[in-house]
Amino acid sequence: MLIWSILLVLSSVVSLVQSQNGVLEQSFWPSAVPLAVRSPYFSCWLLTTEGRNLLAQWPRFWNYASSGSGDPFLTWQGLAKVDGTTYQWLGDWSDRPTPGINRVNLTGFRVTPTSTVFEMLAGPMSINVTFLTPIEPSDWVSQSIPFSYVSLEAASIDGSKHDFKVYADITAEWVSGNRSANVAWNTTVGNSVIYHEIFLSSPSQFEEIFGQADDGTMYHAVLNGLDVSYQTGLDEDCRGQFQNNSVLTNKQDTNFGNITGSSNSPVFAFAMDLGSISSTSAPVVWTLGYVRDPAIQYVTSSGQVQLRSPYFVTQYSSMADVISDFLINYTTTSQRAQALDSKIQQDALNISSEYADLVSLAARQVFGSIDITISKGSDGQWNTSDIMIFMKDMGNTRRINPVEVLYQAFPIFLYLNSSFGRPLLAPLLEYEDSSQFSLPYAAADLGNGYPVALGNNSGHSQGIEQSGNMLIMTLAHARASGDGYLIDRYYDLLKGWAKYLVNNTLEPTASQQSADQENVADSSNLAVKGIIGIQAMAEMSKAMGENDDETYFSQQVMTLIGEWESLALSSDQQHLLLDYGDESSWALVYNLYADRLLGTNLVNSSVCESHFEI
Ligand SMILES: *[C@@H]1O[C@H](CO)[C@@H](O)[C@H](O)[C@H]1NC(C)=O
Ligand SMILES: *[C@@H]1O[C@H](CO)[C@@H](O)[C@H](O)[C@H]1NC(C)=O
Ligand SMILES: *[C@@H]1O[C@H](CO)[C@@H](O)[C@H](O)[C@H]1NC(C)=O
Ligand SMILES: *[C@@H]1O[C@H](CO)[C@@H](O)[C@H](O)[C@H]1NC(C)=O
Ligand SMILES: *[C@@H]1O[C@H](CO)[C@@H](O)[C@H](O)[C@H]1NC(C)=O
Ligand SMILES: *[C@@H]1O[C@H](CO)[C@@H](O)[C@H](O)[C@H]1NC(C)=O
Ligand SMILES: *[C@@H]1O[C@H](CO)[C@@H](O)[C@H](O)[C@H]1NC(C)=O
Ligand SMILES: *[C@@H]1O[C@H](CO)[C@@H](O)[C@H](O)[C@H]1NC(C)=O
Ligand SMILES: *[C@@H]1O[C@H](CO)[C@@H](O)[C@H](O)[C@H]1NC(C)=O
Ligand SMILES: *[C@@H]1O[C@H](CO)[C@@H](O)[C@H](O)[C@H]1NC(C)=O
Ligand SMILES: *[C@@H]1O[C@H](CO)[C@@H](O)[C@H](O)[C@H]1NC(C)=O
Ligand SMILES: *[C@@H]1O[C@H](CO)[C@@H](O)[C@H](O)[C@H]1NC(C)=O
């Protein structure tokens, strides 16, 4: 249920029939599907809105279109040649006045937690293309590597062998939202890998343009081998070369220019010649990555401005090694991803197939919204006891660690590896415990300038919402992980928020806003979150042996919850009201979820059942 809120932007269900003869395995269609979604600034999607041919359009940067101007695309072109006929399996070059590029027929499509898979027919070959963005809850070095795979497998459908060649390129649009920015590039041909790297001539640190960062380097890479060729240059030259000659030139065009040229843009391409085959013996794999270092600017409790790097720097000092290991790891990573997919989907299917699809879609969204970071200690070494994770309010704003969004995403962290809770909450708690912060309730975020975490000490209207969220998450993390560090370190801060809730939560004023930005006075849903938050404090007091606090907060909760039930229930006791006394109103009181998550069981099951079985 909570997962729904992060999906609001994606949740319009569209009816769309793409397949000629295939079975569409989704129970619903989201309005966009993830292709490469691994960090806040590496977020590539395909729109599925009605009537679109999925495989005849350019992928886009997350939510770029809603910014209202500019070019929304992250150009990514995929071609295959079967017996000399060129087919397009990704992108939309076929709308160019270039004869002879054919569209494939999509026959199947599915989204798993880690992958989006397209099955298609290209003449006598069937092709599966898998966009794999790993989720690595147990290995934070791997999780922090902002790379994603695309792999392709093919099989003959007519029993004969066919001559088979494949091609993929990207443009420099992935490097910046400023399409007239000047870029340069370089191709490195190593023994094990070949990679193109693309960078801005004048990057702007921590700047964002139309949602994209302006200070990263883009990579496109493959394993080196006899069948591989590469090329950089204008799109017509590289794609035309593949189409005309089936092999690239292994040459670099160093005529650097703007991201988007007047008619023709530079692309960074690879092609593979698989010979005459009845099926691929192993998947053909490309990898894309977008790397920023430093990733985050953070102000510590002492007011010191700190530059934080992606966590993988603790294990890797060169991008060449990262790329090489990432490609070499493909088989094991893919197997691990399939095992994770199957675990998540089985557990979610136990609820319903619709729920399994929602969770599948949300998983990459959550992990693609975070940067796992590390700082350098006073000794100049990476300080491995200072891991912090930052989350972006993806697709909406540049808010950093937006508390209500973190709260909505928290269950997946608790489920996959509850240890994520500490580095996600730590930057907020450290800031709020410092002299830089003086509000009596919890902050809503660390400011609105991702990736710069300066904090925000201005008053805001979500005091009950965010204080409740912080108390609930802090207890939930400690419960699930057995790690009481945050409670111990920030006890007084947490207790202050619980006291604020005791004073304010039973009858929220109209100036109190909920996570869905409703400003309704006497909101049943908001009030109960605050009450559950106070109970979370009582339990934290108990764990700390603070018996007086425990007694005080528990007694407050007993009184408050009784009053809440009589105010929030309709007079016929049949449903919960949106706001007290408004007998004709109804509410989806999703905040009751926390009562079950924490096992506090404050609200009678009879109330929950009457409420939800409608
Ligand atoms: C797509 O399907 C149509 C209708 O069955 C067929 O005529 C066409 O050849 C197919 N195209 C490809 C690329 O397989
Ligand atoms: C959770 O992450 C921590 C830190 O990376 C790791 O030590 C631990 O093994 C992980 N636990 C699980 C269950 O994956
Ligand atoms: C594509 O995936 C489907 C479903 O998993 C499978 O049956 C088929 O063999 C795959 N095709 C290729 C070419 O790998
Ligand atoms: C590159 O962009 C700049 C700034 O918009 C523009 O002045 C210049 O003409 C562009 N160059 C080319 C080759 O398109
Ligand atoms: C985009 O890049 C051009 C060329 O470098 C520059 O003139 C312009 O100011 C940039 N626009 C933004 C919004 O940074
Ligand atoms: C390009 O890559 C080559 C080979 O890795 C390297 O020697 C060269 O310094 C690089 N050039 C630039 C401009 O980065
Ligand atoms: C490919 O062939 C077409 C048609 O002959 C020609 O117009 C085009 O310039 C060629 N492109 C390349 C890159 O060879
Ligand atoms: C490769 O796999 C190993 C073992 O799982 C892991 O430690 C390492 O971080 C991975 N590296 C990359 C770049 O994926
Ligand atoms: C599936 O749900 C049933 C009934 O709630 C429960 O007993 C079972 O443990 C669940 N299985 C899994 C794998 O979650
Ligand atoms: C490493 O980080 C921890 C937690 O922020 C801090 O207490 C410690 O002083 C740091 N160590 C060094 C060497 O800077
Ligand atoms: C701080 O929060 C206030 C109230 O929500 C908001 O209006 C303002 O834009 C925020 N400022 C920064 C720098 O985050
Ligand atoms: C709660 O209300 C009491 C009584 O009005 C007041 O003394 C106290 O300062 C308030 N505490 C908070 C945290 O608002």
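When a residue number appears, it is its place in the shown sequence, counting from 1. Whatever order the structure lists ligands and atoms in, that order sets their numbers, starting from 1.
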(message) Determine whether a donor-acceptor pair (N or O, by modelled atom type, separation under 3.5 Å) exists between the side chain of Q466 and the backbone of A443.
(response) no
Need the ligand 8 atom indices (1-based, order shown) with element for anything under 4.0 Å from a heavy-atom of [X].
{"X": "V322", "result": "13 (C)"}
{"X": "S142", "result": "6 (C), 8 (C), 9 (O), 10 (C)"}
{"X": "D139", "result": "6 (C), 7 (O)"}
{"X": "V141", "result": "9 (O)"}
{"X": "Q315", "result": "7 (O), 8 (C), 9 (O)"}

(message) Here's a test for you: under ring-ring contact (aromatic ring centres under 6.0 Å, His included), which of W286, F268, F131 qualifies with W76?
(response) F131
(message) Once you restrict to heavy atoms under 4.0 Å, what part of Y316 touches ligand 8? Side chain, backbone, both or neither.
(response)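 For Y316, the contact with ligand 8 is made by the side chain alone.
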(request) Please state which part of I145 comes within less than 4.0 Å of ligand 8, counting heavy atoms only: side chain, backbone, both or neither. (result) side chain
(message) R336 versus ligand 8: do any nitrogen or oxygen atoms come within less than 3.5 Å of each other?
(response) no
(request) Please say whether N329 places an N or O atom under 3.5 Å from an N or O atom belonging to ligand 8. (result)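 It does: an N or O of N329 is found under 3.5 Å from an N or O of ligand 8.
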(message) Closer than 4.0 angstrom, basic N to acidic O: yes or no for R336 and E136?
(response)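 Looking at R336 and E136, the cut-off is met.
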(message) Looking at D386 and R308, is any side-chain nitrogen of the basic one under 4.0 Å from a carboxylate oxygen of the acidic one?
(response) yes
Among [options], which residue satisfies the side chain to side chain contact (heavy atoms under 4.5 Å, CB included) criterion with [X]?
{"X": "S467", "options": "L439, L501, I534", "value": "L501"}
{"X": "I194", "options": "L327, V189, L223, T188", "value": "V189"}
{"X": "L200", "options": "D214, N178, D215, N182", "value": "D214"}

Need the list: ligand 6 N/O atoms against protein N/O atoms, distance under 3.5 Å, rounded to one decimal.
residue, atom, partner, partner atom, Å
ligand 6, 2 (O), N186, OD1, 3.4
ligand 6, 2 (O), N186, ND2, 2.3
ligand 6, 5 (O), T188, OG1, 3.1
ligand 6, 11 (N), N186, ND2, 2.8
ligand 6, 14 (O), N186, ND2, 3.2

(request) Report the C-alpha distance between T133 and F147 in whole Å, list the side-chain angles of each, state the deciding distance to 0.1 Å, and finish with yes or no for side-chain contact (heavy atoms from CB on, under 4.5 Å). (result) CA-CA 8 Å; T133 300; F147 277 72; over 6 Å; no
(request) Quick one: list whatever passes side chain to side chain contact (heavy atoms under 4.5 Å, CB included) with T600, sequence neighbours left out. (result)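 I532, Q535, E539, D595, L598, L602.
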(message) Filter on salt bridge (charged side-chain N to carboxylate O under 4.0 Å, His left out), then keep only pairs touching residues 316-335, sequence neighbours left out; what's left?
(response)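 Listed by first then second residue: nothing to list.
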(message) Filter on salt bridge (charged side-chain N to carboxylate O under 4.0 Å, His left out), then keep only pairs touching residues 524-538, sequence neighbours left out; what's left?
(response) E465-K529
(message) In this structure, does ligand 8 have an atom that sits under 4.0 Å from one of the heavy atoms of F312?
(response) no
